[in-house]
2 protein chains.
Amino acid sequence: MHGDELEPEAHEHSIQPNVQMVESGICDRAAAIFRALGDSNRLRLLSLLMSRELCVSEISGILDDNLSAVSQRLKLLRSERIVVVRREGKHMFYSLADGHIRELIANALAHGNEHD
Amino acid sequence: MHGDELEPEAHEHSIQPNVQMVESGICDRAAAIFRALGDSNRLRLLSLLMSRELCVSEISGILDDNLSAVSQRLKLLRSERIVVVRREGKHMFYSLADGHIRELIANALAHGNEHD
DNA sequence: ACAACACTTGATGAATCAATGAATTGTTTT
DNA sequence: AAAACAATTCATTGATTCATCAAGTGTTGT
């Protein structure tokens, strides 16, 4: 055998060719969004908001979960600007922040659906 | 003022109309993928694989990070079937598992790019 | 003003996650 | 077979995350 013809001088740990570096801040921001979406309870909650805006007690009722827990999840999602909130009297109505987020969730649910 | 005309009898915590429930298992799976993508180091790694397949030491070299750490991240990503691996001699070449994942990452990086 | 309702915040503890370095496995080269 | 190289696994430790429940804020109705 005559050595590795894989990628000429590809293992020098020098600057790699043909590899596009993504700016670090962008990865950080994108990862933060994924992290916020990466929890079953939060994602279940968000999947409800795919239908329409809902107030906290509605969500709590539908998911049959602690109202405080729901509120905390919403707070986290708000901090990542995944949901937005609107007050109407005593009620706080939450909805998905934008189409981008909506698409991301739809895409992931579709993927989770077809695979296994 | 004459009470809330928001949504007639919307706060009875009964079965909510107009809200589509997503199957629990699908949310779990989708959340697991998001969780795996929800880490800056892993996402940076994956952003490299957007360009082309790479072996562990290449990735470690480009990211200037501990080889063991890179290998562990890849193991996790493999366990979620986000990346696939192929052996070639001493080298293990990693690449993105499918177009769905690729799209998800591209989408998120685009979002992270335009916003703030 | 006071009670009731809708929600948020704070504090605590349990569980999960991730970085590190040492030891190990697998492959190729000599 | 031994040395060199590529990558993985293991164990430890520190950090982060999540649920729970009590206490607090803001709004409305009487």
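Letters A, B, ... mirror the listed sequences (proteins, then strands); counts begin at 1.
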Review point. Can a donor-acceptor pair under 3.5 Å be found between the side-chain atoms of B:Ser68 and the base atoms of D:dT9?
Key: yes

Practice item. Record whether the side chain of A:Gln72 comes under 3.5 Å of the base of D:dT17 through a donor-acceptor pair of N or O atoms. Key: no

Under 4.0 Å between a side-chain N or O of [X] and OP1 or OP2 of [N]?
| X | N | answer |
| --- | --- | --- |
| A:Lys90 | D:dG26 | no |
| A:Asn41 | D:dA19 | yes |
| A:His91 | C:dC7 | yes |
| B:Ser71 | D:dA7 | no |
| B:Tyr94 | D:dA6 | no |

Practice item. May I ask you to say whether B:Glu80 pairs ionically with B:Arg35, meaning some side-chain N is under 4.0 Å from a carboxylate O? Key: no

Check your understanding: So, are B:Asp65 and B:Arg73 salt-bridged, with charged N and O less than 4.0 Å apart?
Key -> yes

Check your understanding: Among side-chain atoms of A:Ser95 and A:Arg86, is any donor-acceptor pair under 3.5 angstrom?
Key -> no

**Study point:** Test item: side-chain donor near acceptor, A:Ser40 and B:Asp28, under 3.5 Å
**Key:** yes

Rounded to the nearest angstrom, tell me the gap between atom [atom1] in [X] and atom [atom2] in [N].
| X | N | atom1 | atom2 | value |
| --- | --- | --- | --- | --- |
| A:Leu76 | C:dT9 | CG | P | 12 Å |
| B:Leu67 | C:dT20 | CG | C1' | 13 Å |
| A:Met92 | C:dT9 | CE | P | 9 Å |
| A:Glu80 | D:dT16 | CD | P | 15 Å |
| B:Lys75 | D:dA6 | NZ | C1' | 17 Å |
| B:Asp39 | C:dT16 | CG | C1' | 13 Å |
| A:Arg87 | C:dA6 | CZ | P | 12 Å |
| A:Arg73 | D:dC18 | CZ | P | 10 Å |

Review point. If you pin A:Arg35 and A:Asp65 to their nearest nucleotides in DNA chain D, which one's is more 5'?
Key: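 On the 5' side of the pair lies A:Arg35.
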
**Study point:** A:Arg52 side-chain N/O to B:Val19 backbone N/O, donor-acceptor pair under 3.5 Å
**Key:** no

Check your understanding: Base, sugar-phosphate alone, or nothing: which one does B:Leu74 contact when heavy atoms must sit under 4.0 Å apart?
Key ->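 Contact class for B:Leu74: none.
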
